[in-house]
Amino acid sequence: MPKIKAVRLSPRMHLGEKELVVLGPSLGTSTVMWDDAARLLGDHYDLLGWDLPGHGISPGIDPEDAAAPGAFTMAELADAVIALVDSIEPGVRFHYAGDSAGGAVGAELALAHPDRLLSLAMLCSSPKFGEPRAWNERADAVAAQGTAIRVEPSAEVWFAPGFLAEHPQEATRLLHTLRDADRFGYAAVCRALAGYDVRGRFGEIALPFLAIAGEFDTVSPFSDAEWMAQHAQNGAAVRLPAVAHIAPTENPAAVADLLRAHFSAANTASKVAQSTLSAIDEEQQK
């Protein structure tokens, strides 16, 4: 199982006072991509972010483990998230929201651990990303040359037109996170993404589901969000204007509003379902 570490993103020193929300990152970033959105959600929820292997505060990967076929799968990353949460709040159910690769981990969570999730939101994400060959080629290149070779192409797809010029501090912080990421950890995530494809099982996702796509996202376009919303049993899709691939950083206020409404609706639906089941049970006992 891959090794990942968590970052508390809510203002309270101790978790457990409010419902837990777990936030997943995009490839090449860290929990800092969620900082601004988390500040807007922190009064209402306990927030826990996590970093991909070799990113942020999570430990790096042995070079041999970054070689094909890779050190772990996206499903194993989902298992690692469950283990991480259980090390902090054993057995707790939680809302999950993840951007891009972090969203893919959310899909794997919903398929393997549906009893642990209250709801799922996938931001700027897809049920499958590109072709395996391209991911494996990227993994080889980054393992050999370092993550710095991904800074320029990532800047082109991460942010909507004008964001770099208008928000240089936020953009630069994320690009520095990419530059500082462990090259073998980045490569290992690429190989995991090469094997990721949940299209055949997406219809099994029954919990409240929200797909958020950016208007300018060329990696995970709105058509992917629509597909996921249509195939999930209880799904919805939203397109954010003036956003590309890192929605929580590009428009944290809109993301926070959408997630707050999504989590609230999921809780309401759960209460209605529990009330209905209780009424049925009482009727059967007569």
For [X] and [Y], which heavy atoms make the closest approach, and how far apart are they?
{"X": "Pro90", "Y": "Asp86", "result": "CG-O, 3.2 Å"}
{"X": "Leu123", "Y": "Ala247", "result": "CD2-CB, 4.4 Å"}
{"X": "Met1", "Y": "Ala80", "result": "SD-CA, 3.5 Å"}
{"X": "Pro63", "Y": "Phe184", "result": "CG-CE1, 3.6 Å"}
{"X": "Glu250", "Y": "Phe163", "result": "CA-CE1, 3.5 Å"}
{"X": "Phe72", "Y": "Pro2", "result": "CD2-CB, 3.7 Å"}

Walk me through whether Phe94 and Val85 qualify under side-chain contact (heavy atoms from CB on, under 4.5 Å).
CA-CA 9 Å; Phe94 55 91; Val85 171; 4.1 Å; yes
Do the non-hydrogen side-chain atoms of [X] and [Y] ever get within less than 4.5 Å of each other?
{"X": "His44", "Y": "Lys18", "value": "no"}
{"X": "Phe222", "Y": "Val238", "value": "no"}
{"X": "Val81", "Y": "Trp50", "value": "yes"}
{"X": "His95", "Y": "Asn267", "value": "yes"}
{"X": "His245", "Y": "Val157", "value": "no"}
{"X": "Leu9", "Y": "Leu48", "value": "no"}
{"X": "Leu193", "Y": "Met74", "value": "yes"}

I want to know whether Trp227 and Phe202 have ring centres closer than 6.0 Å.
yes
Under 3.5 Å donor-acceptor, [X] side chain and [Y] backbone:
{"X": "Ser264", "Y": "Arg260", "value": "no"}
{"X": "Arg183", "Y": "Val142", "value": "no"}
{"X": "Ser10", "Y": "Asp46", "value": "no"}
{"X": "Glu108", "Y": "Leu77", "value": "no"}
{"X": "Glu226", "Y": "Ala237", "value": "no"}
{"X": "Ser58", "Y": "Ile4", "value": "no"}
{"X": "Glu76", "Y": "Thr73", "value": "yes"}

Which label fits Tyr186 and His55: parallel for a plane angle under 30°, tilted from 30 to 60°, or perpendicular past 60°?
parallel
With rounding to the nearest 0.5 angstrom, report the [atom1] to [atom2] distance, [X] to [Y].
{"X": "Glu170", "Y": "Ile246", "atom1": "CD", "atom2": "CD1", "value": "13.5 Å"}
{"X": "Leu210", "Y": "Leu120", "atom1": "CG", "atom2": "CG", "value": "8.5 Å"}
{"X": "Asp79", "Y": "Leu84", "atom1": "CG", "atom2": "CG", "value": "12.5 Å"}
{"X": "Asp217", "Y": "Cys124", "atom1": "CG", "atom2": "SG", "value": "5.0 Å"}
{"X": "Lys5", "Y": "Ile57", "atom1": "NZ", "atom2": "CD1", "value": "6.5 Å"}
{"X": "Arg116", "Y": "Leu109", "atom1": "CZ", "atom2": "CG", "value": "9.5 Å"}

Residue pairs fulfilling salt bridge (Lys or Arg N to Asp or Glu O under 4.0 Å) with at least one residue in residues 121-139, sequence neighbours excluded
Lys128-Glu131, Arg133-Glu137
Full working for side-chain contact (heavy atoms from CB on, under 4.5 Å) between Val105 and Tyr96:
CA-CA 10 Å; Val105 172; Tyr96 183 88; 3.9 Å; yes
Results of side chain to side chain donor-acceptor pair (under 3.5 Å) for Glu204 - residues two or more places apart only
Arg201
According to a hydrophobic-cluster definition based on side-chain heavy atoms being under 4.5 Å apart (Ile, Leu, Val, Met, Phe, Trp, Tyr only), do Phe216 and Phe129 belong together?
no
In one Ile/Leu/Val/Met/Phe/Trp/Tyr side-chain cluster, 4.5 Å: Phe263, Leu118:
no
Is there a side-chain contact (heavy atoms from CB on, under 4.5 Å) between Ser119 and His262 once you walk through the steps?
CA-CA 8 Å; Ser119 70; His262 176 57; 3.6 Å; yes
Could you give me the CA-CA distance, side-chain angles and deciding distance for His176 and Leu174, then say whether side-chain contact (heavy atoms from CB on, under 4.5 Å) is met?
CA-CA 5 Å; His176 283 174; Leu174 275 188; over 6 Å; no
Using residues 22-43 as the side-chain source, report each donor-acceptor pair under 3.5 Å to any protein atom, sequence neighbours left out, with the distance given to one decimal.
residue : atom : partner : partner atom : Å
Thr29   : OG1  : Ser26   : N            : 3.2
Thr29   : OG1  : Ser26   : O            : 2.7
Ser30   : OG   : Val32   : N            : 3.3
Trp34   : NE1  : Gly24   : O            : 2.9
Asp36   : OD1  : Arg39   : NH2          : 2.2

I'd like to know whether Arg191 forms a salt bridge (Lys or Arg N to Asp or Glu O under 4.0 Å) with Asp140, so could you lay out the CA-CA distance, the side-chain angles of the two residues, the decisive distance to 0.1 Å, and finally the verdict.
CA-CA 9 Å; Arg191 297 200 192 283; Asp140 291 340; 2.5 Å; yes
Considering only NZ, NE, NH1 and NH2 on the basic side and carboxylate oxygens on the acidic side, decide whether Asp224 and Arg199 come within less than 4.0 Å.
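Salt bridge absent between Asp224 and Arg199.
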Only one of Asp99, Leu240, Asn251 passes side-chain contact (heavy atoms from CB on, under 4.5 Å) with Ile212; say which it is.
Leu240
